[in-house]
K.L.:
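After the structure tokens below, expect a handful of questions from me.
None of these values were measured; they are calculated from a predicted model. Along the sequence shown, residues are numbered consecutively beginning with 1. Atoms within a ligand are numbered from 1 in the order they appear, just like the ligands themselves.
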Amino acid sequence: MDDLLRLDDRLDADQRLIRDTVRSFVAERVLPHVGDWFEEAVFPARELAPALGSMGLLGMHLQGYGCAGTDATSYGVACRELEAGDSGLRSFVSVQGSLAMYPIWRYGSDEQKEEWLPRMAAGEAIGCFGLTEPDHGSDPSGMRTYAKRDGSDWILNGSKMWITNGSIADVAVVWAQTDEGVRGFVVPTSTPGFSAPEIHKKMSLRASVTSSLYFDDVRLPASAALPGVVGLRGPLSCLSEARFGIVWGVVGAARACLEAAVEYAKTRVQFDKPIGAFQLTQEKLAWMYVGVAQAGLTALHLGQLKDAGKLEPRQISFGKLSNVRAALDIARQARTILGGNGITLEYPVIRHMNNLESVLTYEGTQEVHTLVLGEALTGLPAYR
Ligand SMILES: Cc1cc2nc3c(=O)[nH]c(=O)nc-3n(C[C@H](O)[C@H](O)[C@H](O)COP(=O)(O)OP(=O)(O)OC[C@H]3O[C@@H](n4cnc5c(N)ncnc54)[C@H](O)[C@@H]3O)c2cc1C
């Protein structure tokens, strides 16, 4: 579709190359199959991960250890193009890079970094991030998963819920209470006492693996703890990284819905005219484009702030809140333009629409990000 506002003129040559490379990958390797993956509730992670790794997309904005070390805007552009394919694909890359690799890279020991990061960057090892629990979602401060010292070892007990990549992961970064406060643990999923059953019957993010994690007296060596952080700021800093990817990613999902709606509107004839020739349809399309472009501008601005080292969590909340809501509105409008065809997986729209319901909820719900902005505006925290 025509980039009416020429927004991508603001990308540099490397960023445009990343855009084109990822867009071609999605067109060739993902779009022909993703409707079936969604219907069958599978995500071929072992097949896709090495390909994503060879393109440098796993932990792409991290330096060293086989990571591509790009700027943040490039990471955002990649997320946008991946999510134009499917939010499940972008989720896989976000979780691997921002939620599993990032804490090891930022807070890990040299030994942990050497052991995991090169293999994760190559897509040979898959990671997951365990923060949410069955009874503690928006408020992780109440988490009950506990790691207790036993000599120099740790014994981990508890459970996590809604964990992306859980059942397919080789390593889990697990956040647990300890006598010293919340700490992160690098847990190989082959450790006795660890189990990760998959969650079924999802109607959203079906082309993505979501699991529970159970820890039953999981014995870990002292070296499993992330040495560089104590307290909730550890997991929250990872979420800031991943939310930045969402700010960009949903622009891709919204664009894909708009493109499908424009194509459909040009060819579907009712009352002897293409439905795109009716003013009501054009009004919908025009506002959908306004939404895609405004969300794209927000993403670009936050990308530039991040590259300048100035991006604050409350600014990421702004982007996550406004862009996901815009994308969901666009997907719903596109759905109406496709009429009955809008509900089938022959077209990408209902898949994106259902996926975006998860994206609205995970990585901080829209209500939580609203409260972050409310606090930023008033100085009055209203979380409890
Ligand atoms: C597909 C999927 C994948 C996920 N992947 C991961 C993952 O990889 N790792 C991980 O750790 N977690 C993951 N999550 C969990 C996700 O982050 C949580 O679902 C989310 O934080 C919300 O928690 P909850 O579902 O327990 O809802 P709750 O916190 O119970 O919220 C329910 C409702 O109450 C609202 N609410 C809560 N508190 C307030 C308040 N103070 N004021 C107003 N409203 C409030 C919420 O906004 C929401 O509307 C995933 C979730 C999904 C659906």
Side-chain angles (χ1 to χ4, degrees), residues 38 41 43 45 83 86-103 126-145 158-169 171-177 182 184-185 187 189 196-215 232 234-243 245-246 249-250 253 316-317 320-321 324-325 328 351-375 380-384:
F38 189 97
F43 180 74
E83 196 151 352
D86 194 80
S87 301
L89 177 66
R90 198 269 309 139
S91 296
F92 177 85
V93 170
S94 289
V95 168
Q96 177 84 349
S98 293
L99 294 180
M101 294 173 72
Y102 176 78
I126 293 174
C128 70
F129 173 89
L131 178 65
T132 305
E133 300 190 352
D135 295 330
H136 300 279
S138 298
D139 180 15
S141 66
M143 71 171 70
R144 283 207 285 266
T145 297
S159 64
K160 299 287 175 183
M161 196 174 182
W162 301 118
I163 306 306
T164 304
N165 296 348
S167 331
I168 53 170
V171 62
V173 174
V174 178
W175 300 93
Q177 287 290 359
V182 170
F185 293 87
V187 183
T189 56
E198 191 169 347
I199 296 173
H200 295 290
K201 300 194 178 174
K202 289 182 301 168
M203 294 304 291
S204 173
L205 281 188
R206 286 174 61 79
S208 172
V209 174
T210 316
S211 316
S212 297
L213 306 183
Y214 294 106
F215 319 108
L232 269 184
L236 294 183
S237 67
C238 304
L239 291 172
S240 287
E241 294 296 304
R243 287 167 184 160
I246 293 175
V250 294
I316 303 175
S317 285
K320 206 261 177 185
L321 180 69
V324 180
R325 183 179 286 187
L328 196 49
R351 180 168 51 75
H352 283 300
M353 192 178 109
N354 282 12
N355 285 340
L356 288 166
E357 292 291 345
S358 286
V359 181
L360 192 73
T361 286
Y362 71 19
E363 309 267 351
T365 64
Q366 65 164 348
E367 290 79 9
V368 166
H369 290 296
T370 303
L371 294 173
V372 172
L373 286 193
E375 182 183 2
L380 303 169
Y383 306 94
R384 35 180 96 242

K.L.:
Are L371 and ligand 1 in contact, using a heavy-atom cut-off of under 4.0 Å?
P.N.:
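Judged by the 4.0 Å heavy-atom criterion, L371 does count as contacting ligand 1.
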
K.L.:
Just wondering, do E363 and L99 contact through their side chains at under 4.5 Å, heavy atoms?
P.N.:
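A side-chain contact under 4.5 Å exists here.
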
K.L.:
How close do W175 and P103 get, heavy atom to heavy atom, and via which atoms?
P.N.:
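In terms of heavy atoms, the two residues are closest at CZ2-CB, 4.1 Å.
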
K.L.:
Within a distance of under 4.0 Å, is there any protein heavy atom near atom 29 (O) of ligand 1?
P.N.:
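So far as the 4.0 Å threshold goes, atom 29 (O) of ligand 1 is in reach of a protein heavy atom.
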
K.L.:
What protein heavy atom sits nearest atom 8 (O) of ligand 1, and how far away is it?
P.N.:
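Looking at atom 8 (O) of ligand 1, the protein heavy atom closest to it is T164 N, 3.0 Å.
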
K.L.:
For T210 and K202, which I'm curious about, is there any donor-acceptor pair between the side chains at under 3.5 Å?
P.N.:
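Indeed, the side chains of T210 and K202 share at least one donor-acceptor pair under 3.5 Å.
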
K.L.:
Answer side chain, backbone, both or neither: which part of T132 comes under 4.0 Å from ligand 1, heavy atoms only.
P.N.:
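Within the 4.0 Å criterion, T132 contacts ligand 1 through backbone and side-chain atoms alike.
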
K.L.:
So, does K160 use its side chain to make a donor-acceptor pair with the main chain of L213 at under 3.5 Å?
P.N.:
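Side chain of K160 to backbone of L213, a donor-acceptor pair under 3.5 Å: no, none is there.
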
K.L.:
Of the side chain and backbone of E363, name the one, both, or neither that has a heavy atom under 4.0 Å from an atom of ligand 1.
P.N.:
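Answer for E363: backbone.
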
K.L.:
Please report whether atom 50 (C) of ligand 1 has a protein non-hydrogen atom at a separation of less than 4.0 Å.
P.N.:
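Under 4.0 Å from atom 50 (C) of ligand 1, at least one protein heavy atom found.
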
K.L.:
So if I count the atoms of ligand 1 from 1 in the order they appear, which ones are less than 4.0 Å from some heavy atom of T361?
P.N.:
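Selected atoms, number and element: 19 (O), 20 (C).
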
K.L.:
Which atom names give the shortest non-hydrogen contact between V171 and T189, and what distance separates them?
P.N.:
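Shortest heavy-atom contact: N-CG2, 3.9 Å.
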
K.L.:
Identify the closest protein heavy atom to atom 6 (C) of ligand 1: which residue and atom is it, and at what distance?
P.N.:
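Atom 6 (C) of ligand 1 sits closest to the protein heavy atom W162 O, 2.6 Å.
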
K.L.:
List the closest protein heavy-atom neighbour of atom 24 (P) of ligand 1: residue, atom name, distance to the nearest 0.1 Å.
P.N.:
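Result: G137 CA, 3.9 Å.
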
K.L.:
For atom 36 (N) of ligand 1, what is the nearest protein heavy atom, given as residue, atom name and distance?
P.N.:
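The closest heavy atom on the protein side is S138 OG, 4.4 Å.
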
K.L.:
Kindly confirm or rule out an N or O of R384 lying under 3.5 angstrom from an N or O of ligand 1.
P.N.:
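R384 vs ligand 1: no N/O contact under 3.5 Å.
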
K.L.:
For the atom pair CD (E133) and OG (S212), what is the distance rounded to the nearest 0.5 Å?
P.N.:
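So the gap between those two atoms works out to 11.5 Å.
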
K.L.:
Give the minimum heavy-atom separation between Y214 and S159, together with the two atoms involved.
P.N.:
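For Y214 and S159, the tightest heavy-atom pair comes out as CD2-CB, 3.6 Å.
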
K.L.:
Compare all side-chain heavy atoms of I246 with those of E83 and state whether any distance is below 4.5 angstrom.
P.N.:
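When only atoms from C-beta onward are counted, E83 and I246 do not touch, as no gap falls below 4.5 Å.
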
K.L.:
Any idea which protein heavy atom is nearest atom 9 (N) of ligand 1, and the distance to it?
P.N.:
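Among all protein heavy atoms, the one nearest atom 9 (N) of ligand 1 is F129 O, 2.9 Å.
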
K.L.:
Would you say ligand 1 has an N or O under 3.5 Å from any N or O of Y383?
P.N.:
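Such a contact does occur with ligand 1.
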
K.L.:
Looking at atom 2 (C) of ligand 1, what's its closest protein heavy atom, distance included?
P.N.:
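Heavy-atom neighbour on the protein nearest atom 2 (C) of ligand 1: Y362 CD2, 3.7 Å.
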
K.L.:
How close does the nearest protein non-hydrogen atom get to atom 1 (C) of ligand 1, and which residue and atom is it?
P.N.:
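Ranked first by proximity to atom 1 (C) of ligand 1 is L205 CD1, 3.6 Å.
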
K.L.:
Roughly how far, to the nearest 0.5 Å, is the CG atom of N354 from the CZ atom of F38?
P.N.:
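So the gap between those two atoms works out to 5.0 Å.
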
K.L.:
What part of L131 sits under 4.0 Å from ligand 1 if we count only heavy atoms: the side chain, the backbone, both or neither?
P.N.:
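Both backbone and side chain.
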
K.L.:
If I compare all heavy atoms of G88 with all of S208, which pair ends up nearest, and what's the gap?
P.N.:
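So the minimum-distance heavy-atom pair works out to CA-CB, 3.9 Å.
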
K.L.:
Would you verify that at least one protein heavy atom lies under 4.0 Å from atom 32 (C) of ligand 1, or report that none does?
P.N.:
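False for atom 32 (C) of ligand 1.
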
K.L.:
Output yes when the distance from some N or O of ligand 1 to some N or O of E367 is under 3.5 Å, and no in every other case.
P.N.:
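Yes, there is a polar N/O contact under 3.5 Å.
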
K.L.:
Got an N/O contact under 3.5 Å between A382 and ligand 1?
P.N.:
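Min N/O separation from ligand 1 is not below 3.5 Å for A382.
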
K.L.:
For atom 22 (C) of ligand 1, which protein heavy atom lies nearest, and how many Å away is it?
P.N.:
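Scanning the protein heavy atoms, the shortest distance from atom 22 (C) of ligand 1 goes to T365 CG2, 3.8 Å.
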
K.L.:
Only heavy atoms of I163, strictly under 4.0 Å: list the atoms of ligand 1 that pass.
P.N.:
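Atoms satisfying the 4.0 Å criterion: 7 (C), 8 (O), 9 (N), 10 (C), 11 (O).
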
K.L.:
Will you find, in the side chains of S91 and Y362, an N or O donor that is under 3.5 Å from an N or O acceptor?
P.N.:
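Yes, because at least one side-chain N or O of S91 sits under 3.5 Å from a partner of the opposite role on Y362.
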
K.L.:
Compute whether any side-chain donor of one residue and acceptor of the other, for R144 and Q177, lie under 3.5 angstrom apart.
P.N.:
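Short answer, no.
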
K.L.:
Between N165 and F92, is any pair of side-chain heavy atoms under 4.5 Å apart?
P.N.:
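In short, these two side chains touch, coming nearer than 4.5 Å.
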
K.L.:
Hey, does S358 come in under 3.5 Å of ligand 1, counting only N/O atoms on both sides?
P.N.:
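No; the residue has no nitrogen or oxygen that sits under 3.5 Å from a nitrogen or oxygen of the ligand.
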
K.L.:
Which pair of heavy atoms, one from T365 and one from S138, lies closest together, and at what distance?
P.N.:
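Looks like CG2-OG, 4.0 Å.
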
K.L.:
Look at atom 41 (N) of ligand 1 and say whether a protein heavy atom is found at less than 4.0 angstrom from it.
P.N.:
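Given the 4.0 Å limit, the answer for atom 41 (N) of ligand 1 is yes, a protein heavy atom qualifies.
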
